[in-house]
Amino acid sequence: MNIIDPWKSVEVKDYGKLMKEFGISPIKDLYKKLPIKHHYFSRGIIFGHKDFSKILEAIKDKKPFVMMTGLMPSGKFHLGHKVVADIIIYLQKLGAECYVAVADIEATLTRDVKREEARKVALDQYLLNYIALGLKSKKTKFYFQSNGSTEYNNLSKYVSKKTTFNEFKSVYGNLNPEKIISAFTQVADILHPQLKENGGPKPVIVPVGVDQLPHINLTRDIASRMKSEYNFVLPSSIFNKMLPGLQGGKMSSSRPESYIALTDSPKTVEMKIKKYAFSGGQPTTKEHKEKGGNPDVDISYQYLTFLEESDKKLKKIYDDYKSGKLLTSELKQITIDKINSFLKKHQDNRKKAKKKVNKFIFKN
Ligand code: TRP
């Protein structure tokens, strides 16, 4: 059995194998029951789930349900972070009450981020962009781990009684005290929307990348052992693929040549795509026209699978690139234009969002 380490960058080569090994179910048939379509589902960007049918039922029966997730406040907000934000906002549109945890305790313990710095990044980078992307303040609780309620804090301690050190080691592999505290804090993040003070037990959906799977599994096990006291509904989860970095691998805030930030200028976007975006094209135009390109490894094309909502347009780009009709420089230009037209609107929205930030912050 392999172990996923949520504190290291996880690269998945074979999603099918991963799903089998870790008990993630394919979402292929289920998503069609959703009342609002999203291309992240139909294109397999959201590829798997645990217990998602509980959420579909709540939507169908118009019963309350919660979207709960957390963010690591370090570095600049980039296109990879946008994917998670889009999913949060989509679930809000479906009627979810939203809980967003700023993992400032985890960032301080595991990444040496100072508390004040974490706060600033969470507000200036994350919250501002979430609002600009469409998050509404109604039914949203945006909170800091370091500023949770007494019941939330107590829960983060009581959950420790429901597991063992051996279980921890088998879930996480390498451990230290900071990781243990971070894990229990995250368990409390995921379970506290079901506390009495928050309206009691209800379905909760946690949208995450697969790197967070160990936390989801531990939380579900702990929740099942707390049934008699709290009557928790086991939290559900959906898993999304990560947007790749410009040169392949991970898009990471610590490497500017890997990311496109939502504050990048049109010139920077153009330079980054032209200079860094890995190409699936042939070395010469002549060869490209003869043999065609490979959209499946081409990063500019991969970005369009996230950004271009029209299936028809996307398919044409795929076919034309594969046949060699569309050149690498032309494909890159399509992606540059797509990103820049999104950013132009987004940067306007960011200015407007500044006025709304205060409405969101949950105070105890
Ligand atoms: N550990 C998560 C990360 O590294 C952040 C996080 C904290 C989180 N609490 C959470 C994610 C609750 C999902 C649910 O990004």
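Predicted, not measured: the structure shown is a model, and the values here were computed from it. First listed ligand is number 1; within each ligand, the first listed atom is number 1.
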- Item | Six-ring centre of Phe22, Lys50 cation under 6.0 angstrom, axis tolerance 45° |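 So Lys50 doesn't make the cation-pi contact.
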
- Task: Output the set of protein residues with a heavy-atom contact under 4.0 Å to ligand 1, ordered first by chain identifier and then by residue number.
- Result: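 Only Met68, Thr69, Gly70, Met72, Ala103, Glu106, Gln145, Gln186, Asp189, Ile190, Val206, Val208, Gln212 have heavy atoms that fall under 4.0 Å of ligand 1, ordered by chain and number.
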
- Task: For residues 275-295, pull every pair meeting salt bridge (charged side-chain N to carboxylate O under 4.0 Å, His left out), keeping only residues two or more places apart or in separate chains.
- Result: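 Residue pairs with at least one partner in residues 275-295: Lys286-Glu290, Glu287-Lys291.
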
- Mind checking what makes ring-ring contact (aromatic ring centres under 6.0 Å, His included) contact with Tyr172, not counting sequence neighbours?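 Testing Tyr172 for ring-ring contact (aromatic ring centres under 6.0 Å, His included), a comparison that skips the adjacent residues, returns Trp7, Phe168, His215.
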
- Task: Not counting sequence neighbours, which residues clear ring-ring contact (aromatic ring centres under 6.0 Å, His included) with Phe47? List them please.
- Result: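 Per chain and number, Phe47 pairs via ring-ring contact (aromatic ring centres under 6.0 Å, His included) with Tyr15.
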
- Item | Under 3.5 Å: donor-acceptor pair, side chain of Tyr130, backbone of Lys136 |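 No; judged by distance alone, with no hydrogens or angles, the pair does not exist.
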
- Kindly state whether the ring of Phe239 and the ring of His49 have centres lying under 6.0 angstrom apart.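 They do not qualify: ring centres at least 6.0 Å apart.
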
